[in-house]
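Throughout, a chain's letter reflects where its sequence line sits, starting with A, and its residues are numbered from 1.
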Amino acid sequence: MTDPYKVLGVSRDATDDDIKKAYRALARKYHPDNYAGSDLADLAGEKMKEINEAYDTIQKERANRTASGGYTGGGYGGGYGGSYAGSTGSTYSGGGTAALNRVRMLINSGRFSEAGILLDSIPAGERGAEWNYLKGCTLLQRGWYHDAQKYFEIACYMDPANAEYQAALQNMRSSAGQYGKTYANVGGCSTCDLCSGLVCADCLCECCGGDLLRCC
Amino acid sequence: MFGYIRPLAAELRVKEYAYYRAVYCGVCKSMEKTVSPLLSMTLRYDYVLLVMVRMLLSGETGSLQAARCLANPFRKKTALSDSETLRYTSRAAALLTHYGVLDNIADEHGIKRLAYRLLSSPAAAMRRRALRQDTSLVPLDERLRTSLSALAALEQAGEPSPDAAAEPFGILLGAMFAHGLAGTSARIADTVGAAVGRCIYLLDAADDAPEDEAAGAYNPFVRQASAEGIPVRDYLQTHRARIENAVLLSCQTAYRALLLADGYESHPAWPCIENLLQLGIPHTAKQVLDSPGRPLSRSDPAFPTENTQ
């Protein structure tokens, strides 16, 4: 069996808090929702299982070592194990025509290409907000992010009061925003940049007979 | 390949940037040695990601050596020593170059077309050499051919969806990333290649959109803009977030796929790959969407300059 400490990336003398932190970080990274609908969802599930088992093993081992060990088993707060293992995607619900209900059913059972074919067979005149939303769902799963967003936007435009459509669009945007945060936080204007900018501007002013900063 | 996959060098540590440059030099030297010096002239930054991802997935760390080359005959540069990954990349690049030249002969006009016609014979020879050296590349060659035919058919039909148009290039790159790998590694490589391929296509389409609009050539964004009855520059501005998000989410898909690779964090290529997917591509996307059609800044210190060899 793989060393549970190695799985969590902590040393054997790590504190309980460090272990919990490492476990939480890994659980966030490999959360099944991050891989929902992906071809690699099964690999992510296996990874999550390995992390949960490693955490459980360490907790049990530590609880056995100390007489007052309060560990009760079952993963962190019963959390990232059972409850997440099943949540591999949103459940689409709501009203609509028989064909669209069938599409929803296909999407919920992960049969995205069949759902796409069925959606495309619906005549253009009958394609309302729900059709656009469901189309967006099938495209999102294929990684067609540009088109998925476009269909979600159309669905929201056609039915602005629908919370389901708004949530789908918002999820896409916030997911992209979250990922783009690393880039957004890069660079910027530091205090050094500001000072050197002011000194340069002062030099230029002095060349022309003026003075921007009296102190230098 | 188009050169859109570049690192944000300012965010790499000195040794990480040196490693990136060494891989770039290694690919160049390997192309020269394995296939032809002519092929090394087609080298783009994108190939570095292909090499690094394959090295990471196969657990190969590679070794560095100081070597001279045609571009730097007097001063030795650090380059990744030749390896099976580099030789594979060179041969795969030879296949792609051949089909790229054929595609350009069909698309271009006038003097450019003549230039590509002149290149077609050496490009075909490079492809033949690559296939002779490694017969296992025959299925990959077939996949590249069928993917590019599918792309040409979509373009011919005037496909309005940018994602549908990007799909064949994603499949092509997925096949290139995954060829010869097995099991989990092949699945991860395919996902990474497909996502990066879609990014490259979308960025290239956005970058070329104003020029294609003026020339009346096919471009999915021009098709989208004409459906809305607006010039393509206005379309790119209005729907900038949609395109940028599509690029970011594709990068995220590739990044998350690589998190599933065993021991990814300890591989020397990981900091560069992480930089490319989290910073480099978003930076390129910003540059392209800020001013489509303008050549990517080479004086920008964030990027390696063309003469990095």
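Sorted pairs that involve residues 147-160 of chain B and meet salt bridge (charged side-chain N to carboxylate O under 4.0 Å, His left out), not counting sequence neighbours, are lacking altogether. Among residue pairs with one or both ends in residues 117-128 of chain A, those qualifying as salt bridge (charged side-chain N to carboxylate O under 4.0 Å, His left out) are A/Asp120-A/Lys135; sequence neighbours excluded.
Side chain of B/Glu16 to main chain of B/Arg13: a donor-acceptor pair is present (N/O by atom type, distance under 3.5 Å, no hydrogens or angles). No side-chain donor-acceptor contact under 3.5 Å links B/Arg198 to the backbone of B/Glu167. Not a single donor-acceptor pair under 3.5 Å links the side chain of A/Thr182 to the backbone N or O of B/Gln278. The closest donor-acceptor contact from the side chain of A/Asn34 to the backbone of A/Arg28 lies under 3.5 Å. In this structure, B/Ser185 contributes its side chain and B/Leu181 its backbone to no donor-acceptor pair below 3.5 Å. A donor-acceptor pair is defined here as one N or O able to donate and one able to accept, closer than 3.5 Å; no such pair exists between the side chain of B/Asp207 and the backbone of B/Leu203.
Between B/Leu248 and A/Tyr183 there is no side-chain heavy-atom pair separated by less than 4.5 Å.
At a 4.5 Å heavy-atom cutoff, B/Glu244 makes no contact with chain A through either its backbone or its side chain. Using a 4.5 Å cut-off between heavy atoms, B/Arg242 touches chain A through backbone and side chain atoms alike. Neither the backbone nor the side chain of A/Ser38 comes within less than 4.5 Å of any heavy atom in chain B. No part of B/Ile281 comes within reach of chain A, as not one of its non-hydrogen atoms sits under 4.5 angstrom from that chain.
Once rounded to the nearest 0.5 Å, the distance linking SG of B/Cys199 with CG of B/Leu249 reads 9.5 Å.
Inspection of non-hydrogen atoms places A/Gln149, A/Lys150, A/Glu153 of residues 149-160 of chain A under 4.5 Å from chain B. Applying a 4.5 Å heavy-atom cutoff, the residues of residues 187-196 of chain B that approach chain A are B/Arg187, B/Ile188, B/Thr191.
Counting heavy-atom pairs closer than 4.5 Å to chain A, the top-ranked of the candidates B/Cys251, B/Ala257, B/Ala166, B/Ala241 is B/Cys251.
A salt bridge links B/Asp290 to B/Arg240: one of the charged nitrogens lies within less than 4.0 Å of a carboxylate oxygen.
Taking the six-membered ring for Trp and thresholds of 30 and 60 degrees, B/Phe221 and A/His146 have ring planes more than 60 degrees apart, a perpendicular arrangement.
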